[in-house]
2 protein chains.
Amino acid sequence: MPVVQREVNRFQNFLQGQGLKLTGERASLVREIFSIHYHFDADELLFKMKEKSVKISRATIYRTLELLVKSGMVRRVHLGEDHYHYEHVSGNSHHDHLVCTTCGSVIEFHDPLLEARQIEICGRKRFTPTFHNLQILGVCDSCRRKGEQPDAPDRVKMIGLSAMQLRK
Amino acid sequence: MPVVQREVNRFQNFLQGQGLKLTGERASLVREIFSIHYHFDADELLFKMKEKSVKISRATIYRTLELLVKSGMVRRVHLGEDHYHYEHVSGNSHHDHLVCTTCGSVIEFHDPLLEARQIEICGRKRFTPTFHNLQILGVCDSCRRKGEQPDAPDRVKMIGLSAMQLRK
DNA sequence: ACGCAAATGAGACTCATTCTCATTTAGCAG
DNA sequence: CTGCTAAATGAGAATGAGTCTCATTTGCGT
(Lines give C-alpha, C1' and ligand atoms only; values in the text may rest on other atoms or scores of the structure.)
Protein backbone atom coordinates (compact mmCIF):
# COMPACT_ATOMS: atom_id res chain seq x y z
CA MET A 1 0.00 0.00 0.00
CA PRO A 2 2.81 2.52 0.26
CA VAL A 3 2.91 4.79 -2.75
CA VAL A 4 6.28 3.49 -3.84
CA GLN A 5 4.83 0.01 -4.25
CA ARG A 6 2.83 1.28 -7.21
CA GLU A 7 6.08 2.28 -8.83
CA VAL A 8 7.53 -1.16 -8.22
CA ASN A 9 4.50 -2.62 -9.97
CA ARG A 10 4.88 -0.18 -12.81
CA PHE A 11 8.47 -1.28 -13.25
CA GLN A 12 7.49 -4.93 -13.09
CA ASN A 13 5.01 -4.39 -15.90
CA PHE A 14 7.73 -2.84 -17.99
CA LEU A 15 10.13 -5.67 -17.21
CA GLN A 16 7.60 -8.37 -18.03
CA GLY A 17 6.90 -6.72 -21.34
CA GLN A 18 10.60 -7.10 -22.13
CA GLY A 19 10.90 -10.66 -20.85
CA LEU A 20 12.96 -9.46 -17.89
CA LYS A 21 12.66 -10.25 -14.21
CA LEU A 22 11.86 -8.21 -11.15
CA THR A 23 14.50 -9.07 -8.57
CA GLY A 24 14.77 -8.04 -4.97
CA GLU A 25 17.58 -5.70 -5.84
CA ARG A 26 15.57 -3.95 -8.53
CA ALA A 27 12.56 -3.57 -6.25
CA SER A 28 14.70 -2.07 -3.48
CA LEU A 29 16.22 0.40 -5.88
CA VAL A 30 12.86 1.53 -7.21
CA ARG A 31 11.59 2.01 -3.66
CA GLU A 32 14.66 4.03 -2.77
CA ILE A 33 14.56 6.15 -5.91
CA PHE A 34 10.91 7.02 -5.49
CA SER A 35 11.54 8.08 -1.89
CA ILE A 36 14.14 10.61 -3.04
CA HIS A 37 12.25 13.68 -4.14
CA TYR A 38 15.31 15.28 -5.57
CA HIS A 39 18.20 14.69 -7.94
CA PHE A 40 20.69 11.98 -7.15
CA ASP A 41 23.64 10.28 -8.74
CA ALA A 42 24.69 6.65 -8.83
CA ASP A 43 27.06 7.04 -5.90
CA GLU A 44 24.42 8.54 -3.65
CA LEU A 45 22.21 5.55 -4.37
CA LEU A 46 25.02 3.16 -3.59
CA PHE A 47 25.64 4.98 -0.31
CA LYS A 48 21.98 5.03 0.73
CA MET A 49 21.60 1.33 0.05
CA LYS A 50 24.68 0.62 2.12
CA GLU A 51 23.25 2.73 4.96
CA LYS A 52 20.18 0.55 4.95
CA SER A 53 22.35 -2.57 4.81
CA VAL A 54 20.82 -3.55 1.48
CA LYS A 55 23.66 -5.17 -0.42
CA ILE A 56 23.68 -4.08 -4.05
CA SER A 57 26.70 -3.84 -6.29
CA ARG A 58 27.65 -0.78 -8.24
CA ALA A 59 27.11 -2.68 -11.50
CA THR A 60 23.53 -3.49 -10.58
CA ILE A 61 22.81 0.12 -9.73
CA TYR A 62 23.97 1.25 -13.14
CA ARG A 63 22.17 -1.58 -14.88
CA THR A 64 18.93 -0.83 -13.08
CA LEU A 65 19.17 2.89 -13.73
CA GLU A 66 19.56 2.13 -17.40
CA LEU A 67 16.40 0.04 -17.36
CA LEU A 68 14.49 2.68 -15.43
CA VAL A 69 15.52 5.32 -17.93
CA LYS A 70 14.40 3.04 -20.77
CA SER A 71 11.07 2.51 -19.02
CA GLY A 72 10.58 6.26 -18.75
CA MET A 73 10.27 6.14 -14.97
CA VAL A 74 13.59 7.89 -14.44
CA ARG A 75 15.23 10.73 -16.31
CA ARG A 76 18.92 11.44 -16.75
CA VAL A 77 19.70 15.11 -16.25
CA HIS A 78 22.78 17.21 -16.77
CA LEU A 79 23.29 19.66 -13.96
CA GLY A 80 26.52 21.22 -15.17
CA GLU A 81 28.61 18.65 -13.32
CA ASP A 82 30.88 16.15 -14.96
CA HIS A 83 28.78 13.11 -14.22
CA TYR A 84 25.17 12.11 -14.60
CA HIS A 85 22.33 12.90 -12.22
CA TYR A 86 18.97 11.22 -12.22
CA GLU A 87 15.48 12.04 -11.04
CA HIS A 88 12.32 10.01 -10.95
CA VAL A 89 9.44 10.96 -13.20
CA SER A 90 6.21 11.33 -11.22
CA GLY A 91 3.19 11.32 -13.44
CA ASN A 92 4.06 13.45 -16.42
CA SER A 93 5.42 16.54 -14.75
CA HIS A 94 8.19 17.67 -17.03
CA HIS A 95 10.29 20.47 -15.64
CA ASP A 96 13.56 22.32 -16.16
CA HIS A 97 16.23 23.52 -13.76
CA LEU A 98 17.72 26.72 -12.38
CA VAL A 99 21.16 25.79 -11.02
CA CYS A 100 22.89 28.15 -8.59
CA THR A 101 26.58 28.35 -9.47
CA THR A 102 27.43 29.63 -5.99
CA CYS A 103 25.80 27.12 -3.65
CA GLY A 104 24.83 24.39 -6.12
CA SER A 105 21.15 24.41 -5.20
CA VAL A 106 18.65 23.48 -7.89
CA ILE A 107 15.24 25.06 -8.40
CA GLU A 108 12.75 23.27 -10.62
CA PHE A 109 10.25 25.08 -12.80
CA HIS A 110 7.74 24.34 -15.49
CA ASP A 111 6.52 26.89 -17.98
CA PRO A 112 4.00 26.08 -20.69
CA LEU A 113 4.77 29.24 -22.64
CA LEU A 114 8.41 28.28 -22.86
CA GLU A 115 7.48 24.83 -24.09
CA ALA A 116 5.05 26.24 -26.61
CA ARG A 117 7.71 28.56 -28.00
CA GLN A 118 10.14 25.68 -28.35
CA ILE A 119 7.60 23.72 -30.36
CA GLU A 120 7.08 26.73 -32.58
CA ILE A 121 10.82 26.98 -33.22
CA CYS A 122 11.02 23.29 -34.05
CA GLY A 123 8.19 23.66 -36.52
CA ARG A 124 10.04 26.42 -38.29
CA LYS A 125 13.11 24.17 -38.59
CA ARG A 126 11.00 21.16 -39.63
CA PHE A 127 12.31 19.37 -36.58
CA THR A 128 10.18 16.88 -34.63
CA PRO A 129 11.00 17.34 -30.95
CA THR A 130 10.74 14.46 -28.52
CA PHE A 131 12.44 15.80 -25.46
CA HIS A 132 14.46 18.69 -24.19
CA ASN A 133 16.91 19.62 -21.54
CA LEU A 134 17.26 23.18 -20.24
CA GLN A 135 19.42 24.37 -17.40
CA ILE A 136 19.68 28.02 -16.52
CA LEU A 137 22.81 28.74 -14.50
CA GLY A 138 23.02 31.76 -12.26
CA VAL A 139 22.80 32.92 -8.68
CA CYS A 140 19.91 32.11 -6.38
CA ASP A 141 18.20 34.66 -4.18
CA SER A 142 19.93 33.78 -0.92
CA CYS A 143 23.40 33.72 -2.49
CA ARG A 144 22.78 37.04 -4.20
CA ARG A 145 21.81 38.59 -0.87
CA LYS A 146 24.99 37.32 0.74
CA GLY A 147 26.75 39.56 -1.76
CA GLU A 148 29.68 38.85 -4.03
CA GLN A 149 32.43 36.88 -2.33
CA PRO A 150 35.78 38.02 -3.74
CA ASP A 151 36.81 34.41 -4.30
CA ALA A 152 33.51 33.18 -5.65
CA PRO A 153 34.68 32.06 -9.12
CA ASP A 154 35.96 28.80 -7.65
CA ARG A 155 32.85 26.95 -8.50
CA VAL A 156 32.87 28.44 -11.97
CA LYS A 157 35.58 26.13 -13.21
CA MET A 158 33.64 23.08 -12.08
CA ILE A 159 30.68 24.12 -14.07
CA GLY A 160 32.60 25.17 -17.12
CA LEU A 161 31.44 28.73 -17.34
CA SER A 162 33.71 31.46 -18.54
CA ALA A 163 34.32 34.53 -16.44
CA MET A 164 33.02 36.54 -19.35
CA GLN A 165 29.79 34.61 -19.49
CA LEU A 166 29.32 35.15 -15.77
CA ARG A 167 29.88 38.84 -16.11
CA LYS A 168 27.35 39.34 -18.93
CA MET B 1 45.65 38.91 -42.16
CA PRO B 2 43.63 35.73 -42.19
CA VAL B 3 40.54 36.07 -40.03
CA VAL B 4 41.79 33.51 -37.55
CA GLN B 5 44.79 35.69 -36.80
CA ARG B 6 42.47 38.21 -35.17
CA GLU B 7 41.37 35.47 -32.80
CA VAL B 8 44.95 34.62 -31.99
CA ASN B 9 45.49 38.26 -31.09
CA ARG B 10 42.34 38.29 -29.03
CA PHE B 11 43.62 35.29 -27.09
CA GLN B 12 47.01 36.91 -26.65
CA ASN B 13 45.38 39.97 -25.12
CA PHE B 14 43.56 37.76 -22.67
CA LEU B 15 46.73 35.85 -21.82
CA GLN B 16 48.77 38.99 -21.29
CA GLY B 17 46.12 40.33 -18.96
CA GLN B 18 46.63 37.21 -16.86
CA GLY B 19 50.42 37.25 -17.01
CA LEU B 20 50.37 34.20 -19.29
CA LYS B 21 52.21 33.54 -22.50
CA LEU B 22 51.15 32.92 -26.07
CA THR B 23 53.02 29.85 -27.24
CA GLY B 24 53.21 28.27 -30.66
CA GLU B 25 51.00 25.44 -29.45
CA ARG B 26 48.32 27.80 -28.19
CA ALA B 27 48.35 29.82 -31.39
CA SER B 28 48.01 26.66 -33.53
CA LEU B 29 45.10 25.50 -31.45
CA VAL B 30 43.28 28.82 -31.71
CA ARG B 31 43.78 28.81 -35.49
CA GLU B 32 42.46 25.29 -35.72
CA ILE B 33 39.48 25.91 -33.45
CA PHE B 34 38.40 29.01 -35.33
CA SER B 35 38.57 27.12 -38.61
CA ILE B 36 36.10 24.54 -37.32
CA HIS B 37 32.66 26.04 -37.77
CA TYR B 38 31.03 23.30 -35.80
CA HIS B 39 31.15 21.46 -32.52
CA PHE B 40 34.20 19.42 -31.67
CA ASP B 41 35.61 17.51 -28.75
CA ALA B 42 39.12 17.30 -27.39
CA ASP B 43 39.91 14.12 -29.26
CA GLU B 44 38.92 15.57 -32.60
CA LEU B 45 41.30 18.44 -31.99
CA LEU B 46 44.07 16.05 -31.07
CA PHE B 47 43.45 14.11 -34.26
CA LYS B 48 43.34 17.17 -36.51
CA MET B 49 46.59 18.47 -35.09
CA LYS B 50 48.20 15.09 -35.67
CA GLU B 51 46.94 15.12 -39.26
CA LYS B 52 48.69 18.42 -39.80
CA SER B 53 51.82 17.09 -38.12
CA VAL B 54 51.56 19.74 -35.42
CA LYS B 55 52.82 18.03 -32.30
CA ILE B 56 50.66 18.91 -29.32
CA SER B 57 50.04 16.72 -26.30
CA ARG B 58 46.66 15.82 -24.98
CA ALA B 59 47.41 17.72 -21.77
CA THR B 60 48.09 20.93 -23.65
CA ILE B 61 44.86 20.59 -25.57
CA TYR B 62 42.86 20.34 -22.38
CA ARG B 63 44.82 23.14 -20.73
CA THR B 64 44.32 25.44 -23.70
CA LEU B 65 40.63 24.66 -23.97
CA GLU B 66 40.25 25.58 -20.33
CA LEU B 67 41.92 28.92 -20.94
CA LEU B 68 39.82 29.57 -24.01
CA VAL B 69 36.66 28.86 -22.07
CA LYS B 70 37.83 31.21 -19.32
CA SER B 71 38.52 33.89 -21.93
CA GLY B 72 35.00 33.52 -23.29
CA MET B 73 36.25 32.67 -26.78
CA VAL B 74 35.09 29.08 -26.55
CA ARG B 75 32.02 27.55 -25.01
CA ARG B 76 31.57 24.11 -23.49
CA VAL B 77 28.33 22.48 -24.63
CA HIS B 78 26.50 19.34 -23.65
CA LEU B 79 25.08 17.56 -26.66
CA GLY B 80 23.56 14.58 -24.87
CA GLU B 81 26.79 12.61 -25.13
CA ASP B 82 28.87 11.46 -22.22
CA HIS B 83 31.73 13.84 -22.78
CA TYR B 84 32.18 17.52 -23.44
CA HIS B 85 31.93 19.27 -26.76
CA TYR B 86 33.18 22.74 -27.51
CA GLU B 87 32.40 25.45 -30.02
CA HIS B 88 34.03 28.76 -30.68
CA VAL B 89 32.14 31.94 -29.88
CA SER B 90 32.07 34.31 -32.86
CA GLY B 91 31.06 37.79 -31.85
CA ASN B 92 28.33 37.41 -29.29
CA SER B 93 25.96 35.08 -31.06
CA HIS B 94 24.48 32.94 -28.35
CA HIS B 95 22.48 30.02 -29.66
CA ASP B 96 20.91 26.73 -28.62
CA HIS B 97 20.80 23.32 -30.28
CA LEU B 98 18.39 20.92 -31.91
CA VAL B 99 20.03 17.49 -31.81
CA CYS B 100 18.77 14.73 -34.09
CA THR B 101 18.69 11.46 -32.18
CA THR B 102 18.67 9.47 -35.40
CA CYS B 103 21.60 10.86 -37.38
CA GLY B 104 23.29 12.97 -34.71
CA SER B 105 23.19 16.17 -36.71
CA VAL B 106 22.95 19.45 -34.82
CA ILE B 107 20.94 22.50 -35.87
CA GLU B 108 21.66 25.79 -34.17
CA PHE B 109 19.00 28.37 -33.47
CA HIS B 110 18.60 31.62 -31.62
CA ASP B 111 15.28 32.94 -30.41
CA PRO B 112 14.94 36.22 -28.54
CA LEU B 113 11.42 35.42 -27.38
CA LEU B 114 12.62 32.22 -25.77
CA GLU B 115 15.40 34.10 -24.02
CA ALA B 116 13.02 36.80 -22.86
CA ARG B 117 10.67 34.23 -21.41
CA GLN B 118 13.53 32.60 -19.53
CA ILE B 119 14.46 35.90 -17.97
CA GLU B 120 10.85 36.41 -16.95
CA ILE B 121 10.80 33.01 -15.23
CA CYS B 122 14.05 33.79 -13.41
CA GLY B 123 12.62 37.04 -12.15
CA ARG B 124 9.64 35.23 -10.73
CA LYS B 125 11.98 32.86 -8.87
CA ARG B 126 14.27 35.71 -7.77
CA PHE B 127 17.06 34.00 -9.66
CA THR B 128 19.81 35.98 -11.42
CA PRO B 129 20.65 34.10 -14.63
CA THR B 130 24.12 34.26 -16.12
CA PHE B 131 24.01 31.58 -18.74
CA HIS B 132 21.88 28.76 -20.03
CA ASN B 133 22.10 25.55 -21.92
CA LEU B 134 19.19 24.19 -23.96
CA GLN B 135 19.17 21.15 -26.16
CA ILE B 136 16.04 19.95 -27.87
CA LEU B 137 16.33 16.33 -28.91
CA GLY B 138 14.23 14.92 -31.68
CA VAL B 139 14.23 13.93 -35.33
CA CYS B 140 15.42 16.19 -38.13
CA ASP B 141 13.52 16.68 -41.35
CA SER B 142 15.57 14.33 -43.51
CA CYS B 143 15.50 11.52 -40.96
CA ARG B 144 11.76 11.89 -40.51
CA ARG B 145 11.27 11.62 -44.27
CA LYS B 146 13.30 8.42 -44.39
CA GLY B 147 10.61 6.99 -42.13
CA GLU B 148 10.96 4.91 -39.02
CA GLN B 149 13.68 2.32 -39.21
CA PRO B 150 12.58 -0.72 -37.24
CA ASP B 151 15.93 -0.78 -35.43
CA ALA B 152 16.23 2.94 -34.89
CA PRO B 153 16.33 2.98 -31.05
CA ASP B 154 20.01 2.07 -31.09
CA ARG B 155 21.10 5.63 -30.73
CA VAL B 156 18.57 6.17 -27.98
CA LYS B 157 20.66 4.45 -25.37
CA MET B 158 23.66 6.62 -26.19
CA ILE B 159 21.71 9.75 -25.59
CA GLY B 160 19.96 8.51 -22.50
CA LEU B 161 16.40 8.94 -23.68
CA SER B 162 13.69 6.53 -22.71
CA ALA B 163 11.60 4.83 -25.32
CA MET B 164 8.61 6.41 -23.64
CA GLN B 165 10.01 9.89 -23.97
CA LEU B 166 10.72 9.27 -27.63
CA ARG B 167 7.21 8.09 -28.20
CA LYS B 168 5.50 11.06 -26.54
C1' DA C 1 71.77 37.32 -24.48
C1' DC C 2 70.05 36.10 -19.52
C1' DG C 3 67.09 34.45 -16.21
C1' DC C 4 63.11 32.67 -14.59
C1' DA C 5 58.27 32.03 -14.41
C1' DA C 6 55.29 29.76 -17.33
C1' DA C 7 54.49 26.04 -20.61
C1' DT C 8 55.15 21.60 -22.52
C1' DG C 9 55.15 16.38 -23.19
C1' DA C 10 54.93 11.84 -21.56
C1' DG C 11 52.92 9.12 -18.94
C1' DA C 12 50.90 8.15 -14.34
C1' DC C 13 46.66 8.83 -12.17
C1' DT C 14 41.55 9.49 -11.09
C1' DC C 15 37.06 8.36 -11.15
C1' DA C 16 32.54 7.51 -13.33
C1' DT C 17 30.86 4.11 -15.95
C1' DT C 18 30.89 -0.36 -18.44
C1' DC C 19 32.24 -5.00 -19.11
C1' DT C 20 33.43 -9.97 -17.94
C1' DC C 21 32.52 -14.12 -16.10
C1' DA C 22 31.63 -17.37 -12.57
C1' DT C 23 27.81 -18.02 -9.53
C1' DT C 24 23.00 -17.36 -8.12
C1' DT C 25 18.07 -16.67 -8.82
C1' DA C 26 13.25 -15.69 -10.78
C1' DG C 27 9.70 -17.63 -12.57
C1' DC C 28 7.79 -20.90 -15.87
C1' DA C 29 6.55 -25.87 -17.18
C1' DG C 30 5.45 -29.99 -15.59
C1' DC D 1 6.84 -28.64 -5.27
C1' DT D 2 10.94 -29.41 -8.33
C1' DG D 3 13.83 -28.73 -12.12
C1' DC D 4 15.28 -25.96 -15.82
C1' DT D 5 17.14 -22.13 -18.10
C1' DA D 6 17.59 -17.54 -19.33
C1' DA D 7 18.35 -13.61 -16.83
C1' DA D 8 20.57 -11.29 -12.96
C1' DT D 9 24.08 -10.58 -9.67
C1' DG D 10 28.69 -9.37 -7.47
C1' DA D 11 33.46 -8.64 -7.61
C1' DG D 12 36.72 -6.90 -9.77
C1' DA D 13 38.97 -5.84 -14.24
C1' DA D 14 38.68 -2.74 -18.07
C1' DT D 15 37.73 1.57 -20.35
C1' DG D 16 38.13 6.25 -21.45
C1' DA D 17 37.70 11.22 -20.72
C1' DG D 18 39.92 14.29 -18.26
C1' DT D 19 43.63 15.84 -14.73
C1' DC D 20 47.97 15.88 -12.56
C1' DT D 21 53.17 15.44 -11.94
C1' DC D 22 57.57 16.50 -12.90
C1' DA D 23 61.63 16.89 -15.59
C1' DT D 24 62.69 19.63 -19.54
C1' DT D 25 61.92 23.53 -22.63
C1' DT D 26 60.55 28.17 -23.98
C1' DG D 27 58.57 33.00 -24.15
C1' DC D 28 59.61 37.33 -23.10
C1' DG D 29 60.81 41.29 -19.99
C1' DT D 30 65.24 43.21 -18.61
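We name chains A, B, ... by the order of the sequence lines, and we start the count at 1 in each one. None of the values given here were measured: they were computed from a predicted structure.
Taking a 4.0 Å limit (strictly below) on heavy-atom distances, residues 24-42 of chain A reaches DNA chain D at A/E25, A/R26. Contacts between residues 50-58 of chain A and DNA chain D, defined by a heavy-atom separation under 4.0 Å, are made by A/K55, A/I56, A/S57.
A straight line from NE2 of B/H83 to P of D/dT19 spans 13 Å, rounded to a whole angstrom. The distance from atom CG of B/D82 to atom P of D/dT15 is 16 Å, rounded to the nearest whole Å. The OH atom of A/Y86 sits 12 Å away from the P atom of C/dA16 (whole-angstrom rounding). With rounding to whole Å, A/E66 atom CD is found 15 Å from D/dT9 atom C1'. When rounded to the nearest whole Å, the span between CE of B/M49 and C1' of C/dG9 equals 15 Å. One can place CG of B/L45 at 14 Å from C1' of D/dG18, the figure rounded to the nearest angstrom.
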Side-chain donor-acceptor distances from residues 47-55 of chain A under 3.5 Å, at least two apart:
{"from": "A/K52", "atom 1": "NZ", "to": "A/E32", "atom 2": "OE1", "distance (Å)": "2.8"}

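Taking 4.0 Å as the cut-off between side-chain N and carboxylate O, B/E7 and B/R10 count as a salt-bridged pair. Classification of A/E66 and A/R63 as a salt-bridged pair fails, no side-chain N sitting under 4.0 Å from a carboxylate O. Checked for salt-bridge contact, A/D43 and A/R58 meet the test: a charged N lies under 4.0 Å from a carboxylate O.
Within the structure, a side-chain polar atom (N or O) of B/Y62 is placed less than 4.0 Å from OP1 or OP2 of D/dG18.
Checking B/E87 against B/H39 by side-chain atom types alone, a donor-acceptor pair falls below 3.5 Å. Looking only at atom types and distance, the side chain of B/N133 has no donor-acceptor partner in the side chain of B/H78 under 3.5 Å away.
Listed by chain and number, the residues in a side-chain contact (heavy atoms from CB on, under 4.5 Å) with A/D96 are A/H94, A/F109, A/E115, A/H132, A/L134 (sequence neighbours excluded).
For the pair A/R76 and A/Y86, the cation does not sit on the ring face, since its NZ or CZ is not both under 6.0 Å from the ring centre and inside 45° of the axis.
For B/R63 against C/dG9, a side-chain N or O and a base N or O form a donor-acceptor pair under 3.5 Å.
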Give me the distances for all protein-to-nucleotides 27-29 of chain C N/O pairs that come in under 3.5 Å?
{"from": "C/dG27", "atom 1": "OP1", "to": "A/L22", "atom 2": "N", "distance (Å)": "3.3"}

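Comparing C/dT18, C/dA16, C/dT8 by their nearest atom to the side chain of A/D43 picks out C/dA16.
Between A/F14 and A/F11, the ring-plane angle classifies as parallel under the 30° and 60° cut-offs.
The end-to-end axis angle of the helix from C/dA1-D/dT30 to C/dG30-D/dC1, rounded to 10 degrees and based on five pairs per end, is 30°.
The only option from A/D111, A/I107, A/I136 that meets the side-chain contact (heavy atoms from CB on, under 4.5 Å) definition with B/I121 turns out to be A/D111.
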